[in-house]
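So you know, we letter chains A, B, ... as the sequences are listed, proteins then strands, and number each from 1. What's counted below: heavy atoms across the whole structure, side chains too, no hydrogens, waters or symmetry copies.
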Number of protein chains: 2
Amino acid sequence: MRTLEWEKTTQRLKMVDQRLLPSTFSYIYLESYQEVSESIRDMAVRGAPAIGVAAAYGMVLAALHSEVSSYDLILQDLDQAARILEASRPTAVNLPWALKRMLLVAKEQSHSSDSLFDALLLEAEAMADEDVETNKTLSTFGAELINDGDMIIHHCNTGALATVDWGTALGVIRMAHEQGKKIHILVDETRPRLQGARLTAWELSQYNIPYDIITDNSAGHFLRSGKVNKVIFGADRVACNGDVANKIGSYMLALAANANNVPVYSVFPFSTIDIELASGNLIPIEERPQDEVLDLKLKGLKVTPQDASARNPAFDVTPHELITAFITEKGVIYPPFEKNLIDKMQGN
Amino acid sequence: MRTLEWEKTTQRLKMVDQRLLPSTFSYIYLESYQEVSESIRDMAVRGAPAIGVAAAYGMVLAALHSEVSSYDLILQDLDQAARILEASRPTAVNLPWALKRMLLVAKEQSHSSDSLFDALLLEAEAMADEDVETNKTLSTFGAELINDGDMIIHHCNTGALATVDWGTALGVIRMAHEQGKKIHILVDETRPRLQGARLTAWELSQYNIPYDIITDNSAGHFLRSGKVNKVIFGADRVACNGDVANKIGSYMLALAANANNVPVYSVFPFSTIDIELASGNLIPIEERPQDEVLDLKLKGLKVTPQDASARNPAFDVTPHELITAFITEKGVIYPPFEKNLIDKMQGN
């Protein structure tokens with residue numbers, strides 16, 4: 001089962017609606033790139049790798065439903081679709097990365113509008129397949145770092161749901177579990193959207209991996225207790241110097257791990273690296289609607305005062321000094337990150 | 001208006017039911033020490049200073065309803081009541097502090113059962129009055145540290161609701177506001193019980209102090225932005241070396257403030273100091289029911305999987321190295337905390 005896949009018979013993108021999980025497992029079917037953009041914006045699909053591939057399929061839909069016929073005009077439509085898809089969410093670089101790759105394929109079609117749709121679909125399918133393969137490769141590298149008996153804190157959701165399948169940081173955990181290592185996960189609930197409490201807990205239940213949900217603000221207490229062996233999370237954009245933009249809360253978690261000498265691993269495919277960005281301070285941080293923080297009920301009662309306002313940054317930046325290593329499909333990468341990222345990128 | 005007060009006509013303890021705020025403002029009326037104990041355990045009343053005074057009134061109720069008549073037997077009843085009240089919640093030292101003070105008064109009554117109730121009520125009323133006076137005094141000291149234009153992160157609730165009236169850390173904020181300083185508060189929502197989003201936001205709305213609610217895990221992002229000037233929170237128990245047990249999340253907040261050179265102030269009356277405890281590692285940390293973490297609904301849907309489990313420590317310990325100064329009714333206290341706390345305690 002994939003989080004998102006192309007439905008050939010109906011020419012639509014089928015995806016798990018993550019807004020309703022774990023209460024309801026259901027699919028939505030997207031028929032236009034505008035619908036794909038909206039599904040990314042509203043977080044029906046989320047997770048850097050998953051939104052990259054979703055956007056790629058969005059480009060397929062843009063080509064399919066383009067109302068013009070000449071190659072040049074279709075290319076204009078695709079450029080327009082790419083702009084709208086890219087604007088859906090600003091932080092994860094996998095989104096522009098996927099769109100660039102799709103536009104490149106479109107532009108390589110030698111001015112033939114006939115082959116355009118087929119070429120784009122082929123590329124999107126390849127990206128989806130690569131994502132799963134990449135995740136399994138990096139998970140194999142990462143699982144070598146996990147020891148039998150480890151207690152691991154995980155932030156947000158980085159599992160099958162955040163990717164096409166298998167997952168990144170949660171993929172590492174899953175691989176270690178499949179290798180027979182006994183591990184226990186402390187699942188950061190991950191306010192405000194609760195991807196940990198909703199999605200990671202649900203995935204871990206499916207995989208029979210033991211876990212406890214914790215509030216994000218209690219991770220420090222557990223780290224200080226000396227009982228936590230590792231902290232592991234994904235990434236939405238990695239700057240050239242190794243600074244990591246990831247789900248809000250990652251930075252405080254990494255600080256608390258460092259203060260207690262617990263290693264911090266950030267897990268991502270190379271498509272998450274924005275090598276042109278010198279430092280994490282240049283990464284655009286999305287600020288989402290206040291309602292995500294304010295619309296909370298306890299025992300049926302609204303929690304916040306009627307006139308309350310909120311700030312809601314969706315990501316933060318963890319400076320590279322706080323990260324022990326990156327786990328990627330090209331292996332585990334240790335500091336100095338800038339040199340070692342470029343080396344790996346060049347295939348050294 | 002006081003958060004809790006003795007109702008003379010009916011001989012009951014009247015208190016604001018904080019579980020229903022801000023949706024509903026209502027009072028509960030407690031007629032026995034067992035009801036007081038339950039109100040503390042279930043957090044109808046919370047906040048270290050408030051639960052200390054509530055427990056003192058619990059002792060008044062124990063004396064009032066004792067079914068024995070001899071002085072010695074009533075003292076036995078009071079000892080029993082003190083044990084039950086103290087067991088309501090383990091972390092805040094104000095609870096045993098208040099109970100010890102009440103038992104001392106009872107034992108000073110020269111073996112007369114007639115004067116016992118009157119003496120205990122007088123003492124409880126004195127403690128309530130002292131609490132308000134103490135809070136205003138420490139707030140005056142604290143407000144001197146607040147500058148016009150400050151952006152301040154506040155954790156949990158430390159306002160009128162956490163005390164008999166006025167508040168500690170929030171009292172400092174209130175005093176600075178009354179002095180005409182323009183300040184803006186970032187209110188940590190404070191999972192899992194959301195005392196920030198529910199109670200602090202509600203109090204700030206009443207006082208017309210501008211604020212935004214933030215998720216606890218986003219404080220680091222704002223601190224790293226360079227726009228936050230101070231972090232301020234209360235305390236539930238302070239060890240002799242200056243380690244502070246406070247609401248879960250305080251430790252990670254203090255770490256993030258330190259990493260960004262933002263001062264951290266812990267605000268409390270001297271009754272919160274447990275001078276016999278060498279370090280914060282010896283402070284008992286309450287672990288509360290899992291449901292407080294798990295019972296969360298978004299848009300009417302249960303968030304966590306049916307079989308999910310959780311860990312729920314209610315407090316953590318912030319090592320004294322992370323704290324810039326204590327704000328108390330005896331003045332602002334800087335490191336070295338052990339020496340300076342003992343000096344102040346001895347009236348130097």
> Where does Val187(B) contact chain A at under 4.5 Å (heavy atoms): side chain, backbone, both or neither?
Replying inline: neither
>> Heavy-atom pairs under 4.5 Å with chain A: which of Gly220(B), Gly249(B), Pro210(B), Pro305(B) has the most?
In response: Pro305(B)
> So which part of Ala219(B) gets closer than 4.5 Å to some heavy atom of chain A, the side chain, the backbone, both or neither?
Replying inline: both
> Given that the side chain runs from C-beta out, which part of Leu204(B) has a heavy atom under 4.5 Å from chain A: side chain, backbone, both or neither?
Replying inline: neither
> Picking from Pro192(A), Gly196(A), Pro313(A), which has the most non-hydrogen pairs under 4.5 angstrom with chain B?
Replying inline: Pro313(A)
>> I'd like to know which of Leu20(A), Leu223(A), Leu186(A), Val317(A) tops the heavy-atom pair count under 4.5 Å against chain B.
In response: Val317(A)
>> If I measure from the heavy atoms of chain A, does Leu294(B) come under 4.5 Å with its side chain, its backbone, both, or neither?
In response: side chain
Can you pull out the donor-acceptor contacts between chain A and chain B, under 3.5 Å, including backbone atoms?
from      : atom 1 : to        : atom 2 : distance (Å)
Ser23(A)  : OG     : Lys302(B) : O      : 3.0
Glu189(A) : OE1    : Arg191(B) : NE     : 3.4
Glu189(A) : OE1    : Arg191(B) : NH2    : 2.7
Glu189(A) : OE2    : Arg191(B) : NE     : 2.7
Arg191(A) : O      : Asn217(B) : ND2    : 3.0
Arg191(A) : NE     : Glu189(B) : OE1    : 3.4
Arg191(A) : NE     : Glu189(B) : OE2    : 2.7
Arg191(A) : NH2    : Glu189(B) : OE1    : 2.7
Ser205(A) : OG     : Asp307(B) : OD1    : 3.2
Tyr211(A) : O      : Ser309(B) : OG     : 3.1
Asp212(A) : OD1    : Ser309(B) : OG     : 2.6
Ile213(A) : N      : Ser309(B) : O      : 2.8
Ile213(A) : O      : Arg311(B) : N      : 3.1
Asp216(A) : OD2    : Asn217(B) : ND2    : 3.1
Asn217(A) : O      : Gly249(B) : N      : 3.4
Asn217(A) : ND2    : Arg191(B) : O      : 3.0
Asn217(A) : ND2    : Asp216(B) : OD2    : 3.1
Asn217(A) : ND2    : Ile248(B) : O      : 3.4
Arg224(A) : NH1    : Asn281(B) : OD1    : 3.4
Arg224(A) : NH2    : Asn281(B) : OD1    : 3.1
Ile248(A) : O      : Asn217(B) : ND2    : 3.4
Gly249(A) : N      : Asn217(B) : O      : 3.4
Tyr251(A) : OH     : Asn260(B) : ND2    : 2.9
Asn260(A) : ND2    : Tyr251(B) : OH     : 2.9
Asn281(A) : OD1    : Arg224(B) : NH1    : 3.4
Asn281(A) : OD1    : Arg224(B) : NH2    : 3.1
Lys302(A) : O      : Ser23(B)  : OG     : 3.0
Asp307(A) : OD1    : Ser205(B) : OG     : 3.1
Ser309(A) : O      : Ile213(B) : N      : 2.8
Ser309(A) : OG     : Tyr211(B) : O      : 3.1
Ser309(A) : OG     : Asp212(B) : OD1    : 2.7
Arg311(A) : N      : Ile213(B) : O      : 3.1

>> In the structure I gave you, are the side-chain heavy atoms of Ile214(B) and Val293(A) within less than 4.5 Å of one another anywhere?
In response: no
> For the candidates Leu253(A), Leu199(A), Ile213(A), which exhibits the highest count of non-hydrogen atom pairs separated by less than 4.5 Å from chain B?
Replying inline: Ile213(A)
